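In what follows, chains carry the letters A, B, and so on, assigned in the order in which the sequence lines appear, proteins first and then strands, with residues in each chain numbered from 1. Every value quoted in this text rests on a predicted model; they were computed, and no experiment measured them.
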Protein chains: 2
Amino acid sequence: MGTAPDASGAPTVTIRDVAREAGVSHQTVSRVINGHSAVADATRHRVEAAIDLLGFRPNHAARELAGKAARSLTVLTSDTSLYGAASTLRGIEEAARAASFAVAVSVLDRHAHPDRAELRARLARPGEPVVVIAFDAPGVHALRLLPADTPVVAAVEHPSGSEPVSSRPQAWLDDRLAAAHATRHLLGLGHRTVHYLALPSSTADVAQRTQGWLDALRAAGAPEPPVVEGGWTPRTGYLAARELVADRSVTAVLCGNDDVAAGVMRAAREAGRHIPDDLSVAGFDDVPVAAFLAPALTTVRLDFEGLGRTCFGLLHRLLDPAAPAPDPCDEPALIVRESTGPWHGAGE
Amino acid sequence: MGTAPDASGAPTVTIRDVAREAGVSHQTVSRVINGHSAVADATRHRVEAAIDLLGFRPNHAARELAGKAARSLTVLTSDTSLYGAASTLRGIEEAARAASFAVAVSVLDRHAHPDRAELRARLARPGEPVVVIAFDAPGVHALRLLPADTPVVAAVEHPSGSEPVSSRPQAWLDDRLAAAHATRHLLGLGHRTVHYLALPSSTADVAQRTQGWLDALRAAGAPEPPVVEGGWTPRTGYLAARELVADRSVTAVLCGNDDVAAGVMRAAREAGRHIPDDLSVAGFDDVPVAAFLAPALTTVRLDFEGLGRTCFGLLHRLLDPAAPAPDPCDEPALIVRESTGPWHGAGE
DNA sequence: CGCGCCCGAGTGACCGGTCACATAGCCGCA
DNA sequence: TGCGGCTATGTGACCGGTCACTCGGGCGCG
């Protein structure tokens, strides 16, 4: 009968089995499953019935081998446990699944940068489409090393002017605007200036958040304190902030993300400073716990899932120009909570 | 020359090109790339040189089509932004990459349970190996619906006695012990009893954390308050706890995870209760921000990455009995911080 | 010295799709 | 009525590996 049970017990049914069942040629079956138009309705229905009856499922490997593009992509990211990366991944997966693409994940080491060979090995086949979540240095580095023949889209902190990164499609959130929002909010509360505790920069360029912060400072004619470099985690925020919060002239701190802000708030408490009366703290991302911290964190909500969906959309269009244009992401939104408050001057 | 550049510009080099270059047959090349023993050293070296020279990379699709098992697996999980699931995924990916398996991710909707057909569609090919992160109902549901012929390993909250879930290999952390640890700690501080704010249960059975909590309560002869059902997020913890913390006889609350605990702590503050003097709160997981909350959260650290590695190891052995046994996970470890404190009775 | 065996290597079919091309039937139109 | 062209379908090769065989030659052994 041609459909002998294989080792796992499941009978493997091929298009030729379906063809025999429907009384047509295997090619006609191929046309039906690919939605080709030149098939008579009656024939199409017969084939579809046979497919249902036999429980036929096309074999991806065979299809790919025969030259059809595989509907799959690989996401290269450096740390899936960080909120931004995890949410972006979710967005990619969601959009990809809707377009019936399979999503593979490959996690980059935060410290050991892979070389070209390793990167190629992670990609399974040459030409495998890739989305790089390049918020940090390992991601940007990987983006740089990706072979020229791979279709690549990057989620970046900001569009880079430096080659060859800029030659590939990119998506980003308006971090500059987000930072400016938050900074203006703090200045509007009466703070003389705002200190900025930055995330590790992904490139040599000035980060967009830093830029937005400077934009707002300059627009207000406020002093520009030096940027403090931190990390991604609460711990690094805590460590970096201990010095900062000991300085009573620092009255408002903008943090690279909400996790860092949590660390900063702790350092502030330990230094005997009271938030927000005595010190204002704001973050970025609006992680789920932000609203429940003590005090609840003022932050800028960033649409990472939308960013992920956009990345997939861009990649899809790269592979198939007929694919629909991706929906735009939400604009960054300042969420004012309890961790920022008015400043009435040192004398108060 | 047989290696005409394809559309993307990359010349496709096959096993036969390598064979020609090395002056051997294509089968010998196949033997070399599969590490087959019956190849003379001189021949092997010649072939390897040809592979390097030509930059040959085996074609996965062809290999799979020809009957070789694909080194890939799919992770089915319901929410990659939750710490436990994200960390488990990381562990799986890490171990899988070390064994050169590709990892695909498919995210289950928290509310809409997929049917068999949808699940099959997510799996690309019949027989695709799967790891299900089944900490919650959608995961357990998916586990139940997976076709019998797919190799499946599940990361579960606890081993289930109910068929057919139990017939598949499973890995779990010792949640019962973890809960007992935390409960004993609280009872040891002088609390008359401990209230438990549970996660949504994944099955009809009594959850292991609930069980461990009851174990400790019973061993101490403490009263057994009813379990309060909550969710996974800070918000659900906050909402569920508002009633609980209004009751002054509640002096210690164990929360299903750290996120929930953060919500509970907020509800407690709003109710005018002071942690830990007035109310003790503990969680599970030890998320990165736990140590930086106000107050720093007492919690039980769980080795989710180890769990993920174990899951992969189990799956690997399922596919290839010669694969090495996975390393054991770390035991749950109680991390005492500031959110739990002694209770001296209502009179104090 | 002759036989059989094993090692190293080669040959051709096959996996399950797709593609390019061939072909039969039907229509309209000159 | 004959012919071109279109539509619906069939035929066979091919993608790049692997598998089951075949085959030749060197060696040990009786």
**Message:** side chain to side chain donor-acceptor pair (under 3.5 Å) for B:Glu128 and B:Ser72? Distances and angles first, verdict last.
**Reply:** CA-CA 7 Å; B:Glu128 163 93 347; B:Ser72 71; 3.2 Å; yes
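Atoms CG (B:Leu65) and C1' (C:dG17) sit 8 Å apart, rounded to a whole Å. Put simply, CZ on B:Arg125 is 16 Å from C1' on C:dG17, counting in whole angstrom units. Per the geometry, CZ belonging to B:Arg16 stands 16 Å off C1' belonging to C:dA9, to the nearest Å. One interatomic measurement links the two molecules: CG of A:Asp17 to C1' of C:dG17, which rounds to 13 Å at whole-angstrom precision. Between A:His60 atom NE2 and D:dC15 atom C1' there is a gap of 17 Å when expressed in whole angstrom units. Summarising the geometry, the separation between CD on B:Glu64 and C1' on C:dG17 is reported as 13 Å, rounded to the nearest angstrom. Atom pair A:His36:NE2 and C:dG17:P shows a separation of 17 Å (rounding to whole Å applied). For A:Leu54 and C:dG16, the CG to P distance is 13 Å, given to the nearest whole Å.
Between A:Pro58 and B:Asp41, the residue whose closest nucleotide on DNA chain C is further toward the 5' end is B:Asp41.
Contact detail for A:Asp79 and A:Ala85: the closest heavy-atom pair is O-CB, 3.4 Å. Minimum heavy-atom separation, A:Gln170 to A:Leu314: O-CD2, 3.7 Å. In terms of heavy atoms, A:Gly139 sits closest to A:Ala134 at C-CB, 3.7 Å. Minimum heavy-atom separation, A:Ile92 to A:Phe312: O-CB, 4.3 Å.
Using bins of under 30°, 30° to 60° and over 60° for the plane-to-plane angle, the ring pair A:His316/A:Phe101 lands in the perpendicular bin.
For the OP1/OP2 pair of C:dG10 and a distance below 4.0 Å, the side-chain nitrogens and oxygens of B:Ser25 include at least one atom meeting the criterion. An OP1 or OP2 oxygen of C:dG8 is reached within less than 4.0 angstrom by no side-chain nitrogen or oxygen of B:Thr28.
We find that B:Arg90 and B:Glu94 are not joined by a salt bridge, their nearest charged nitrogen and carboxylate oxygen being 4.0 Å or further apart. Comment: A:Asp327 does not engage A:Arg309 in a salt bridge, judged by the lack of any side-chain N to carboxylate O separation of less than 4.0 angstrom. Taking a cutoff of 4.0 Å between a charged side-chain nitrogen and a carboxylate oxygen, A:Arg125 and A:Glu64 qualify as a salt bridge.
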Between protein and nucleotides 19-22 of chain D, what N or O pairs are separated by less than 3.5 Å?
unit_1, atom_1, unit_2, atom_2, d
D:dC19, N4, B:Gln27, OE1, 3.3
D:dC19, N4, B:Gln27, NE2, 3.4
D:dA20, N6, B:Gln27, NE2, 3.1

Anything under 3.5 Å between a protein N or O and an N or O of nucleotides 23-25 of chain D, put it in a table, one pair a line.
none

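Judged by distance alone, the side chain of A:Asp320 and the main-chain N or O of A:Arg317 form no donor-acceptor pair under 3.5 Å. At least one donor-acceptor pair under 3.5 Å links the side chain of B:Arg122 to the backbone N or O of B:Val107.
Residue contacts for A:Arg57: at a heavy-atom cut-off of 4.0 Å it reaches the sugar-phosphate backbone alone, with no base atom in range.
Listed nucleotides D:dG17, D:dA8, C:dG16 differ in distance to B:Ile15; the shortest reach to its side chain belongs to D:dG17. For A:Ile33, the side-chain atoms get nearest to C:dT18 when compared with the rest of C:dA9, D:dT18, C:dT18.
Residues A:Asn59 and B:Leu65 meet the side-chain proximity criterion, which asks for heavy atoms closer than 4.5 Å.
Axis angle across the helix from C:dC1-D:dG30 to C:dA30-D:dT1, with five pairs used at each end and values rounded to 10°: 50°.
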